[in-house]
Amino acid sequence: MQQIKVPKGMKDVLPGESGRWRAVESAMRRAALLAGYREIRTPVLEYTELFARSSGETSDVVRKEMYTFLDKGGRSVTLKPESTAGTVRAFLESGLYAQALPLKLYYVNAPHFRYEAPQSGRLREHHQFGMECFGAAQPSVDAELIRIVMELLAGFGLKNLQTRINSIGCPKCRPAYQQRFREYLAGKQDKLCKACVERTQTNPMRVLDCKEEGCQRELADAPVMLDCLCDECREHFDLLRQYLSIAQVPYTVDPRIVRGLDYYTKTVFEVTTQMNTGVLTVCGGGRYDGLVEELGGPAVAGVGFGMGVERVLMLLDQLEEGECLLAPEEEAPEVFVASLHKGLGPQAFSLMEAFRKAGLRADMDHQARSLKAQFKYADKLNARYIAILGDEEAERGAVKLRDMATKEEWEAALAAAPGELKKRIRLSGKEE
RNA sequence: GUGGGCAUAGUUCAGUGGUAGAGCGCCAGAUUGUGGCUCUGGAUGUCGUGGGUUCGAACCCCACUGCUCACCCCA
């Protein structure tokens, strides 16, 4: 039989890894909660038009990376490539904008899809933690978000992260800049890469973050948006910097960050790290003051970010022993019930149930294996104690308990064993 | 979309034309009521698929498929 494999660009999270996922997730939830953000869950699937309208028809995501198909009703639907659009849609559709603003939302472990060639750190399905704030025009929120991101990542033990910020202006000041920039590029068309020649027409600012060396050379003395901000954007950016310094967030200003989605205004930021293969973006975000209106709602400011969970885990993998500050949840059985022979199965089962009722993680033999094999298995599971049921003990209504680490063994009455073991575990937990 | 690399046991891989292998893992025994260490034994393979060359192909050639890495872009 031909084996069916996981679809291209998808990945299973196996039991050996899932503990780390949960640890990362719960740290994210804590961080969000601490800052007053509340969870929102939006569907994986949205109508294609939502992304076309929000991200921009010329963005790479919309043009070539969306997981789009027709459903049985002939509607064009898309697996979400990012979460801001869906969050805004929900915000509008459910009338949340009519409630007290600002409204702070987060999502965690949300699946995202981009149809592209998978490679290291880039899967077709990936998961994001993200935070979005609606109705707050002040840069204190921008700063708060950046601060939360840095705090969170530092809390995992990650180092060598760079935070870069920029302002890409607003509809008031950007057109004039774009005109000026287009004129600058006009004389250099023959020296730019093919993609950039096209971008000059469609979305000139994307030329700024082209990775081609030739293009970057030509851009050395190009005008940057930062120098052309209107008063409002200028003030916003200056204030943002002030807030960041109050929050003691280290960052650099990089006038070349423009980001791939059209909806951004004013603040954009990225958190990256240097890998041996190149720069890896862990988190990216920015302000989108026009998006809610663009999607048919009132003029409500927005700002947010998305963080790649797989990328965070990838960075954690590279930490040395002891540097990673994540504490994965304990999942090894606290007690494993072994029985001498098959006939004791029912007693073993009810003892295991009693352990579980007492709140202990308990398991038992389900294969009628030799006692030796049961010990081996319990050891593989990293069980802390083993409870041995034998005929001699059964006659006395007792069970033998053994500490797997110290090899200490003692006998306990069947009925009392769960309580006794629980007490023992709790006591030793306090000593640690 | 473009270009590299790889594909052999559960897994990591060795095997460059002549009987399909090793480490780890798994199972069992040594130890008939006791794990980790040791020793002994065992199970598991359409050698990615299809074709070609050859007396003979895991090996050489061609095609395909899959995986992987890089570019572009991004989380």
Review point. Does the side chain to side chain contact (heavy atoms under 4.5 Å, CB included) test come out yes or no for A/F156 and A/V312, once each step is laid out?
Key: CA-CA 9 Å; A/F156 293 150; A/V312 169; 3.8 Å; yes
Looking only at the side chain of [X] (C-beta and beyond, no hydrogens), which of the listed nucleotides [options] gets closest?
X      : options             : value
A/R122 : B/C72, B/C26, B/G36 : B/C72
A/A117 : B/C72, B/G36, B/C71 : B/C71
A/L371 : B/U31, B/G33, B/C73 : B/G33
A/L261 : B/A75, B/G33, B/U31 : B/A75

Revision key, fill the gap. Between A/S370 and A/L123, the residue closer to the 5' end of RNA chain B by nearest nucleotide is A/S370
Check your understanding: Want to settle it: does A/G9 or A/V61 sit nearer the 5' end of RNA chain B, counting the closest nucleotide to each?
Key -> A/G9
Sugar-phosphate, base or nothing in reach of [X], heavy atoms under 4.0 Å:
X      : answer
A/V282 : sugar-phosphate
A/E270 : nothing
A/V62  : nothing
A/R199 : sugar-phosphate
A/K400 : base
A/E310 : nothing
A/E409 : base
A/E82  : nothing
A/R259 : sugar-phosphate
A/L280 : nothing
A/I386 : nothing

Ignoring hydrogens and geometry beyond distance, is the side chain of [X] in donor-acceptor contact with the base of [N] at under 3.5 Å?
X      : N     : answer
A/E393 : B/G33 : yes
A/E65  : B/A75 : no
A/K407 : B/G36 : yes

Point to revise | Contacts of A/L192 that satisfy side-chain contact (heavy atoms from CB on, under 4.5 Å) - sequence neighbours left out | key: A/L185, A/Q189, A/C196, A/V197, A/T200, A/C215, A/E218
Practice item. Report yes if the ring of A/H126 lies under 5.5 Å from the six-membered base ring of B/A75 with planes under 30°, and no otherwise. Key: yes
Practice item. Classify the angle between the aromatic ring planes of A/F305 and A/F129 as parallel (below 30°), tilted (30 to 60°) or perpendicular (above 60°). Key: perpendicular
Point to revise | A/F91 and A/F134 aromatic ring geometry - parallel, tilted or perpendicular at 30°/60° bounds | key: parallel
Review point. Taking NZ, NE, NH1 and NH2 as the nitrogens, is one of them in A/R396 or A/E411 under 4.0 Å from a carboxylate oxygen of the other?
Key: yes
Does [N] have a Watson-Crick or wobble partner in any strand here, with both distances under 3.5 angstrom, and which is it?
N     : result
B/C6  : B/G66
B/G56 : none
B/U34 : none
B/U19 : none
B/U40 : B/A28
B/G1  : B/C71

Practice item. Can you sort out which residues in residues 10-46 of chain A have a heavy atom within less than 4.0 Å of RNA chain B? Ascending by number, please. Key: none
Exercise for review: Quickly work out the A/D379 CG to B/G35 P distance and round it to whole Å.
Suggested key: 10 Å
Review point. Has A/R38 got more than 12 heavy atoms of other residues, nucleotides or ligands less than 6.0 Å from its CZ?
Key: no
Tell me whether the side-chain N/O atoms of [X] come closer than 4.0 Å to OP1 or OP2 in [N].
X      : N     : value
A/K5   : B/G48 : no
A/K8   : B/C67 : yes
A/Q119 : B/A70 : yes

Exercise for review: Begin from the C-alpha positions of A/F336 and A/L381 and carry the test side chain to side chain contact (heavy atoms under 4.5 Å, CB included) through to its verdict.
Suggested key: CA-CA 9 Å; A/F336 184 91; A/L381 294 182; 4.2 Å; yes
Check your understanding: Between A/Y37 and A/Y106, is the gap from one ring center to the other below 6.0 Å?
Key -> no
Exercise for review: Kindly state whether the ring of A/Y251 and the ring of A/F269 have centres lying under 6.0 angstrom apart.
Suggested key: no
Check your understanding: Should A/M307 and A/L152 be marked as a side chain to side chain contact (heavy atoms under 4.5 Å, CB included) after you check the CA-CA gap, both sets of side-chain angles, and the distance that decides it?
Key -> CA-CA 11 Å; A/M307 181 185 291; A/L152 180 68; 4.0 Å; yes
